[in-house]
2 protein chains.
Amino acid sequence: MPAESQTRPPRADAVRNRESLLVAAREAFAEHGMDVSVSEIAQRAGIGKGTVFRHFATKESLTAAIVSGRLDELAVTGRTLLEAADPEAALLEFMTAGVELHVSDRSFCQAATTDVRRDPVVRAAADRLSGVAEALTDRARRKGVIRGDITGQDVIRMLTAACQAAAPDEDVTGAWRRYLHLIFDGLRAEGARPLPPLPPTA
Amino acid sequence: MPAESQTRPPRADAVRNRESLLVAAREAFAEHGMDVSVSEIAQRAGIGKGTVFRHFATKESLTAAIVSGRLDELAVTGRTLLEAADPEAALLEFMTAGVELHVSDRSFCQAATTDVRRDPVVRAAADRLSGVAEALTDRARRKGVIRGDITGQDVIRMLTAACQAAAPDEDVTGAWRRYLHLIFDGLRAEGARPLPPLPPTA
DNA sequence: ACACAAGTTGACCATGCGGTCCGCTTATGC
DNA sequence: GCATAAGCGGACCGCATGGTCAACTTGTGT
């Protein structure tokens, strides 16, 4: 059998542990931000600290895995939204989902300020997401409802902007909807004013 | 002399040291974010670590002092902008100054995500700033150039939003101007759509 | 049933942090 | 000048963290 896999498949309990670890990490990060200790995550997952480092050589790579996972989640919902009938509504819904993600996950807000984004894994996920955003924007733009000088990158940026405005503090009241709408209005074609062009390097 | 100050005035060198400390802290925070060590700041200021803690009992209070200082800077420029002829331009310029502040200071971006904002000193400065923003917004709104349902709080929020969008990474190219304009367009009266109301608690 | 490798674990280590303390220096008032 | 207390500094402490390791457990193929 020439096409045989060289390495044995991972043990069953290892797979289980990995899963609990990922779940625990996702929860812990969401609740307390990216600076929860590895020990705490391990405890939460019901496994030893050593096991964590067996699955992820470093804490950085763990966080990278979680963050990139979140990005991919959003990319997936974005991709399904590409099938939606109304491009404008779809774009708004996409952005809404993005902000919701940020609001429900403290670590995700911090991620924007941190070096995690340098990580190749995260970079890749971000690029995938960018592609989806670009497609969604394209559709809306083609329909003329969105100003012509807006890129997918812009949409992503404005999305993170909206959730920043959403007051990451005790405000669970959903004030972010207000700001998202405000920003979304700025994206609309009607009443648009010319935008300063992006500097050459970008 | 009944109105005499109870405590002796601080020593001259103490004043000097305090000043270097503040300058060093401001620079260090701006460059490396809020997690620079106290020792590093002390070294940078050319004083001992103990001296830092003499002036500020805790690191938290140091950061609070710096952050509130920055907020006050912005409040000052805002106040002078109140005298400007064109309310719209004034508002835009105010927001521009705010974003510029964020972009030039890594710690300031992080501050939005952290607990520093709970600190009473910071709270007070933020309130002062809020007042100025409210006044500036009022003027612009009264002239009808800004949509009617916008508050000063909104302006502040959108300001921090803009600088979040400004890609706090290596991007020194000033792409944030683009996003600020985009957001500012969303604040304009023309083409505005009704905003979802703020939840009751806010 | 067995042997063995894959996997687990928690004690352990090095490091870096915020914060303390006490002996020393120095500005200040007379 | 001198006495005095305000100010200074850096060795030091306790603590938490990311990461390692060697002894032990357990799933798996035969």
Side-chain angles (χ1 to χ4, degrees), chain A residues 1 4-25 28-29 31-67 107 110-111 114-116 118-119, chain B residues 1 4-25 28-29 31-67 107 110-111 114-116 118-119:
Chain A
M1 314 135 189
E4 191 180 27
S5 141
Q6 288 296 50
T7 64
R8 278 215 261 173
R11 259 165 55 172
D13 59 341
V15 178
R16 247 183 297 130
N17 279 339
R18 190 170 221 277
E19 209 52 42
S20 339
L21 168 56
L22 285 175
V23 171
F29 281 148
E31 284 177 29
H32 307 300
M34 293 207 308
D35 40 7
V36 280
S37 68
V38 173
S39 326
E40 205 166 313
I41 296 176
Q43 200 175 340
R44 198 167 182 139
I47 64 182
K49 185 161 69 147
T51 307
V52 175
F53 284 105
R54 163 161 289 266
H55 287 283
F56 295 91
T58 172
K59 189 193 180 181
E60 248 185 28
S61 70
L62 208 207
T63 67
I66 300 295
V67 170
S107 75
Q110 301 177 320
T114 336
D115 295 334
V116 200
R118 257 82 165 181
D119 187 289
Chain B
M1 315 132 187
E4 190 179 29
S5 142
Q6 289 294 52
T7 64
R8 278 215 261 172
R11 262 165 51 170
D13 57 342
V15 177
R16 246 182 296 128
N17 280 339
R18 190 169 220 277
E19 208 52 41
S20 338
L21 168 56
L22 285 176
V23 170
F29 281 149
E31 285 178 27
H32 307 299
M34 294 206 307
D35 39 6
V36 280
S37 68
V38 174
S39 326
E40 203 166 316
I41 296 175
Q43 199 175 340
R44 198 167 181 140
I47 64 182
K49 188 161 70 150
T51 307
V52 174
F53 284 105
R54 163 161 290 266
H55 288 283
F56 295 92
T58 172
K59 190 194 178 180
E60 248 184 30
S61 70
L62 207 207
T63 67
I66 300 294
V67 170
S107 76
Q110 301 177 320
T114 336
D115 295 334
V116 200
R118 256 85 166 182
D119 187 289

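What's counted below: heavy atoms across the whole structure, side chains too, no hydrogens, waters or symmetry copies. Chain letters run A, B, ... following the sequence lines, proteins first and then strands; every chain starts at 1.
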Any side-chain N or O of [X] below 4.0 angstrom from OP1/OP2 of [N]?
{"X": "A:T58", "N": "D:dG19", "answer": "yes"}
{"X": "A:K59", "N": "D:dG18", "answer": "yes"}
{"X": "A:N17", "N": "C:dG7", "answer": "no"}
{"X": "B:H55", "N": "D:dC8", "answer": "yes"}
{"X": "A:T51", "N": "C:dG7", "answer": "no"}

With a 4.0 Å cut-off on heavy atoms, is A:S37 in touch with a base, just the backbone sugar-phosphate, or nothing at all?
->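 Sugar-phosphate contact only - A:S37 comes under 4.0 Å of backbone atoms but never of a base.
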
Can you check the [X] [atom1] to [N] [atom2] distance for me, whole Å?
{"X": "B:I41", "N": "C:dG18", "atom1": "CD1", "atom2": "P", "value": "8 Å"}
{"X": "A:R16", "N": "D:dT26", "atom1": "CZ", "atom2": "C1'", "value": "10 Å"}
{"X": "B:L21", "N": "D:dG9", "atom1": "CG", "atom2": "C1'", "value": "14 Å"}
{"X": "B:F53", "N": "D:dC12", "atom1": "CZ", "atom2": "C1'", "value": "14 Å"}

Along DNA chain C (nearest heavy atom to each residue), the more 5'-positioned of A:V15 and B:A12 =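 Looking at the nearest nucleotide for each, A:V15 comes out on the 5' side.
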
Start at the 5' end of DNA chain C and walk down; is the nucleotide closest to B:V36 or to B:R11 reached first?
->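 This one resolves to B:V36.
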
Name all pairs fulfilling the salt bridge (Lys or Arg N to Asp or Glu O under 4.0 Å) condition that reach into residues 12-24 of chain B, sequence neighbours left out, sorted by first residue then second.
->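 Found B:R11-B:D13.
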
Is B:E60 atom CD crowded by more than 12 heavy atoms from other residues, nucleotides or ligands, each under 6.0 Å away?
->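 Open: at most 12 neighbouring heavy atoms sit under 6.0 Å from CD of B:E60.
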
